[in-house]
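Only a predicted model underlies this, so the values are computations on that prediction, with no experimental measurement involved. Throughout, numbering of the chain's residues begins at 1 and tracks the sequence.
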Amino acid sequence: MKKTLLVVTSLCFSINFYAQDKKLAEECFQKADYKCAEEQYLKLAEKEQIQKFQSEYYDYLGTAQRRLGKTTQAFKSYESALKANPLSVSVYANLSSLYSQKGNKVKALEYIEKGLQLNAETPDLYLTRSKIYDSQGKKDLAIKDLNQILTFAPDNLFAKTGLANLKKNNGDLDGALKDYNQLLSEKPESLLYNGRADVYFKMKKYKEALTDANKAISIDPKFAQSYVSKAMILFDTSKIKEACENLDKAVALGYEKAVLTDVYARCVKK
């Protein structure tokens, strides 16, 4: 009886300790402390015995490493996540996004197709593919993917802003501005203010662009993209030091520094 009680007590202690580790990892990630998140998710992944959970931890680990600029390690973590659970759509989405970012569109499209075979209603996969199609000049296919998202997720802001951004990328700035104005009248969110800021930026309406970028930051101070948008505006208005400070903020919040290499080249070396 005593031995059984000891085993049960030990098991409860182990589960409680494990739950605390998981909670710490989640808190680190939410606070954008990706170094801490990397350490905690690595520990969780290495000691987890259930493959489904192990896959989830490797998936988060890869994303934390990606935010830290550790691309090689991120690829390895995502591959480990996929090995632990080949049915994880999230991992396919992350791998396709990372391959696309690194310029390997063919590999990215392969992972997208595999992910869609598992779940045809995964917005992130369509979003990534739409961006790839747009970069390849396949505007009709890019629009088709974004509209496909809206058939099963009619309120998806990323799809709606994606359609507006396609207009912006193809030179229809007035059309993009009209779309953003409409979206903001319905739902004044950080993502939308940031998107409209970029349209104003393209129009060289710097005052309006800066106002929207600041509004996006005030709504969500942890939205890294807004700091990048603000930095671009500041660069064009010759406020180099302030622009670089905003780039640093974006990176501190998890924006991948490798993506900003060319932009950082404009910063004055200290």
Side-chain angles (χ1 to χ4, degrees), residues 11 14-15 17-30 34 36-68 70-136 138 141-142 144-159 162 254 256:
L11 180 60
S14 178
I15 293 173
F17 188 75
Y18 184 79
Q20 289 179 343
D21 283 352
K22 182 181 178 182
K23 183 180 179 181
L24 176 59
E26 292 171 346
E27 289 176 348
C28 290
F29 202 91
Q30 291 170 359
Y34 297 113
C36 170
E38 178 189 29
E39 294 173 354
Q40 295 304 317
Y41 278 117
L42 179 59
K43 291 179 183 177
L44 287 167
E46 288 181 338
K47 66 183 181 182
E48 179 58 63
Q49 299 299 312
I50 301 175
Q51 289 187 306
K52 179 182 177 181
F53 294 144
Q54 186 182 55
S55 177
E56 291 177 4
Y57 297 144
Y58 273 123
D59 195 16
Y60 277 112
L61 174 61
T63 300
Q65 291 168 330
R66 188 174 174 181
R67 302 281 173 83
L68 290 168
K70 299 179 178 181
T71 305
T72 301
Q73 294 94 320
F75 272 121
K76 291 180 179 179
S77 294
Y78 287 143
E79 292 293 350
S80 294
L82 199 59
K83 183 178 180 181
N85 181 15
L87 300 180
S88 174
V89 179
S90 173
V91 181
Y92 283 107
N94 282 324
L95 277 168
S96 64
S97 174
L98 189 52
Y99 271 114
S100 176
Q101 180 191 308
K102 303 310 292 183
N104 192 337
K105 309 300 183 184
V106 174
K107 197 72 174 177
L109 289 171
E110 287 178 5
Y111 278 108
I112 289 170
E113 289 299 330
K114 290 177 181 178
L116 290 175
Q117 287 174 16
L118 293 172
N119 186 348
E121 295 188 351
T122 307
D124 286 347
L125 293 171
Y126 288 106
L127 289 169
T128 298
R129 191 167 68 177
S130 177
K131 291 177 182 177
I132 293 174
Y133 284 151
D134 186 35
S135 71
Q136 295 174 335
K138 300 175 181 178
L141 290 177
K144 182 180 178 181
D145 268 356
L146 294 174
N147 282 324
Q148 181 63 28
I149 295 173
L150 297 176
T151 63
F152 59 82
D155 295 324
N156 189 289
L157 276 182
F158 292 105
E256 293 176 61

Atom pair [atom1]/[atom2] of [X] and [Y] - distance to nearest 0.5 Å:
{"X": "L98", "Y": "Q65", "atom1": "CG", "atom2": "CD", "value": "10.5 Å"}
{"X": "L95", "Y": "S88", "atom1": "CG", "atom2": "OG", "value": "9.5 Å"}
{"X": "S90", "Y": "N119", "atom1": "OG", "atom2": "CG", "value": "11.5 Å"}
{"X": "S130", "Y": "I149", "atom1": "OG", "atom2": "CD1", "value": "7.0 Å"}
{"X": "I50", "Y": "N85", "atom1": "CD1", "atom2": "CG", "value": "12.5 Å"}
{"X": "K107", "Y": "I112", "atom1": "NZ", "atom2": "CD1", "value": "13.0 Å"}

Over all heavy atoms of both residues, which pair between [X] and [Y] is shortest? Give the atoms and the distance, please.
{"X": "A25", "Y": "A37", "result": "O-CB, 4.3 Å"}
{"X": "Y58", "Y": "S77", "result": "CB-O, 3.5 Å"}
{"X": "E38", "Y": "L61", "result": "O-CD1, 3.3 Å"}

Check whether any side-chain heavy atom of [X] sits under 4.5 Å from a side-chain heavy atom of [Y], and report yes or no.
{"X": "F152", "Y": "P123", "value": "yes"}
{"X": "K102", "Y": "F75", "value": "yes"}
{"X": "L82", "Y": "Y111", "value": "yes"}
{"X": "V91", "Y": "S55", "value": "yes"}
{"X": "S96", "Y": "L125", "value": "yes"}
{"X": "E79", "Y": "K83", "value": "no"}

- Test: R67 and E256 ion pair at under 4.0 Å: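 No.
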- With K114, which residues qualify under side-chain contact (heavy atoms from CB on, under 4.5 Å), at least two apart?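 side-chain contact (heavy atoms from CB on, under 4.5 Å) list for K114, sorted by chain: Y92.
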- Pick out which of F29, Y41, Y60 makes a ring-ring contact (aromatic ring centres under 6.0 Å, His included) with Y34.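 Passing option: F29.
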- Task: Applying side-chain contact (heavy atoms from CB on, under 4.5 Å), run through Y57 and E46 and close with a yes or a no.
- Result: CA-CA 9 Å; Y57 297 144; E46 288 181 338; over 6 Å; no
Is it true that the side chains of [X] and [Y] contain a donor and an acceptor less than 3.5 Å apart?
{"X": "K105", "Y": "S100", "answer": "yes"}
{"X": "Y78", "Y": "T63", "answer": "yes"}
{"X": "R66", "Y": "Q73", "answer": "no"}

- Task: Show your reasoning for whether side-chain contact (heavy atoms from CB on, under 4.5 Å) applies to Q54 and K47.
- Result: CA-CA 8 Å; Q54 186 182 55; K47 66 183 181 182; over 6 Å; no
- If only atom types and distance count, is the side chain of S80 paired as donor or acceptor with the main-chain N or O of K76 below 3.5 Å?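 Yes, S80 side chain to K76 backbone: donor-acceptor pair under 3.5 Å.
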- Message: Quick check against the 3.5 Å criterion: does Q40 have a side-chain atom that pairs as donor or acceptor with the backbone of L24?
- Response: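 Side chain of Q40 to backbone of L24: no pair is present.
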- Out of L150, L116, L146, which one pairs with Y126 under the side chain to side chain contact (heavy atoms under 4.5 Å, CB included) rule?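 By the side chain to side chain contact (heavy atoms under 4.5 Å, CB included) criterion, Y126 pairs with just one of L150, L116, L146: L116.
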